[in-house]
Amino acid sequence: GREPAPGAVTCGSVLKLLNTRHSVRLHSHEVKYGSGSGQQSVTGVEASDDANSYWRIRGKSDSSCQRGTPVKCGQAIRLTHVNTGKNLHTHHFPSPLSNNQEVSAFGDDGEGDDLDFWIVQCSGTYWEREDAVRFRHVGTEVFLSITGEQYGHPIRGQREVHGMPAANHHNYWKAMEGVFIKPSLDPAKHDEL
């Protein structure tokens, strides 16, 4: 197979995701929704240096996405919020502001359920760091989106993150700051001198 570009996003990488239309980063924190599922809320924040905006890239199972393996376009992944150990999740609850589909953070220590799976939609072979990509939810087929609605107290100015059925310019995301594990097609292989 083709060697992955050095800029491929790999399993095990920890990164921030920027919504390219609204210039906010995907974020979560120990604030629960007051409506809908009552689960941990997921928002978009403008600050680039917020420690609660880091997500770890994982496979549907840990064995399906070993550390350092490049993520393929079309692959299903989990996005685990680093600071709380919950997975990016969506389900048939209305989102609080726009009445789209609620996106929450769910599970314990990185283990939730099969509504935590998202397909990376991109154009080449691998998800490259410079690509704007979409995340389509496996279970409900919505796209991870932001359309600009802002929360008031207690998370004033943060944007609503939700799921939308349509692919459009509100659901493009780009890998930003992070710790990128160097790509390797065979993580078990060690280079010998």
Side-chain angles (χ1 to χ4, degrees), residues 9 13-58 77-113 115-121 127 132-179:
V9 174
S13 292
V14 169
L15 49 80
K16 295 183 182 183
L17 289 165
L18 179 78
N19 181 286
T20 58
R21 171 74 179 191
H22 298 281
S23 296
V24 290
R25 285 161 178 77
L26 187 69
H27 179 89
S28 190
H29 42 210
E30 294 192 4
V31 177
K32 292 189 165 35
Y33 285 119
S35 64
S37 68
Q39 291 174 6
Q40 182 169 300
S41 60
V42 172
T43 64
V45 297
E46 286 182 358
S48 61
D49 59 353
D50 192 312
N52 266 322
S53 302
Y54 283 112
W55 300 83
R56 178 174 280 106
I57 308 298
R58 300 167 67 212
I77 62 166
R78 289 177 290 178
L79 290 158
T80 302
H81 186 244
V82 172
N83 281 358
T84 63
K86 295 182 186 301
N87 295 330
L88 190 71
H89 182 93
T90 186
H91 43 200
H92 293 296
F93 286 93
S95 64
L97 302 180
S98 66
N99 214 38
N100 283 300
Q101 186 165 295
E102 182 194 275
V103 170
S104 64
F106 173 76
D108 292 295
D109 294 326
E111 295 309 314
D113 65 20
L115 291 176
D116 299 344
F117 302 149
W118 300 81
I119 289 169
V120 181
Q121 289 197 337
W127 173 11
V133 304
R134 291 190 174 103
F135 299 102
R136 185 169 64 82
H137 190 242
V138 173
T140 66
E141 300 194 329
V142 295
F143 294 92
L144 183 69
S145 306
I146 291 180
T147 48
E149 296 79 10
Q150 292 195 27
Y151 287 105
H153 181 79
I155 51 173
R156 182 170 305 284
Q158 295 188 21
R159 308 301 167 87
E160 182 187 80
V161 171
H162 52 245
M164 301 179 77
N168 58 41
H169 54 264
H170 296 294
N171 36 55
Y172 276 121
W173 300 84
K174 194 170 175 181
M176 298 296 287
E177 305 79 11
V179 178

Applied to residues 84-102, the salt bridge (charged side-chain N to carboxylate O under 4.0 Å, His left out) test, sequence neighbours excluded, yields K86-D108
With sequence neighbours left out, the residues meeting side-chain hydrogen bond (donor to acceptor under 3.5 Å, both in side chains) with R58 are D62, T80, E111
So CG of N100 and OG of S95: to nearest 0.5 Å the spacing works out to 5.0 Å
- Taking C-beta and beyond as the side chain, do V161 and L26 meet within less than 4.5 Å on heavy atoms? yes
Rounded to the nearest 0.5 angstrom, the OG-CG distance for S53 and L15 is 11.0 Å
In short, salt bridge (charged side-chain N to carboxylate O under 4.0 Å, His left out) pairs touching residues 168-178 with sequence neighbours left out are R25-E177
So OG1 of T90 and NE2 of H137: to nearest 0.5 Å the spacing works out to 6.0 Å
Scanning both residues in full, the closest heavy-atom pair of L18 with S23 reads CD1-C, 3.7 Å
Taken in chain and number order and not counting sequence neighbours, the residues that satisfy side chain to side chain contact (heavy atoms under 4.5 Å, CB included) with E30 are Q40, T84
- Query: After noting the C-alpha distance and the side-chain angles of H162 and Q101, does the key distance pass the side-chain contact (heavy atoms from CB on, under 4.5 Å) rule?
  - Reply: CA-CA 5 Å; H162 52 245; Q101 186 165 295; 5.7 Å; no
Those residues at least two apart in sequence (or on a different chain) that pass side-chain hydrogen bond (donor to acceptor under 3.5 Å, both in side chains) with S104 are Q39
- Is the number of heavy atoms from other residues, nucleotides or ligands under 6.0 Å of E141 CD greater than 12? no
**Polar side-chain atom of K16 near backbone of W55 as donor-acceptor pair, under 3.5 Å** = no
* To do: For W173 and L144, indicate whether the former's side chain and the latter's backbone hold a donor-acceptor pair under 3.5 Å.
  => yes
Taken to the nearest 0.5 Å, the spacing of N19 CG from H169 NE2 works out to 10.0 Å
Closer than 3.5 angstrom, by distance alone: can the side chain of T43 be matched with the main-chain N or O of Q158 as a donor-acceptor pair? no
Tightest non-hydrogen contact, residues N99 and P94, listed as OD1-CB, 3.2 Å
The complete set of ring pair (Phe, Tyr, Trp, His ring centres under 6.0 Å) pairs with one or both residues in residues 82-108, sequence neighbours excluded, reads H89-H91, H89-F106, H91-F93
Does N52 offer a backbone N or O that forms a donor-acceptor pair with the side chain of H81 under 3.5 Å? yes
Residues passing the side chain to side chain contact (heavy atoms under 4.5 Å, CB included) test with V120, sequence neighbours excluded, are V71, I77, C122, W127, V133, F135
Y172 meets the side chain to side chain contact (heavy atoms under 4.5 Å, CB included) criterion, sequence neighbours left out, with T20, A132, R134
- Message: Whether the side chain of H22 engages the backbone of I146 through a donor-acceptor N/O pair (distance < 3.5 Å, no angle test) should be reported.
- Response: yes
(Q) Counting C-beta onward and ignoring hydrogens, is there a side-chain heavy-atom pair between L17 and L79 closer than 4.5 Å? (A) yes
CZ of F143 to CE of M164, rounded to nearest 0.5 Å, is 10.5 Å
The salt bridge (charged side-chain N to carboxylate O under 4.0 Å, His left out) partners of R21 (sequence neighbours excluded) come to none
Main-chain N/O of L97 paired to E160 side chain as donor or acceptor, under 3.5 Å | yes
Contacts satisfying ring pair (Phe, Tyr, Trp, His ring centres under 6.0 Å) that involve residues 26-52 (not counting sequence neighbours) are H27-H29
- Message: Any heavy-atom pair between the side chains of V138 and W118 that's under 4.5 Å?
- Response: no
Side chain to side chain contact (heavy atoms under 4.5 Å, CB included) filter on E46, not counting sequence neighbours, yields V24, R159
Taking the side chain as everything from C-beta on, heavy atoms only, tell me whether Y151 gets closer than 4.5 Å to P96. yes
Sorted by chain and residue number, the side-chain hydrogen bond (donor to acceptor under 3.5 Å, both in side chains) partners of N168 (sequence neighbours excluded) come out as N171
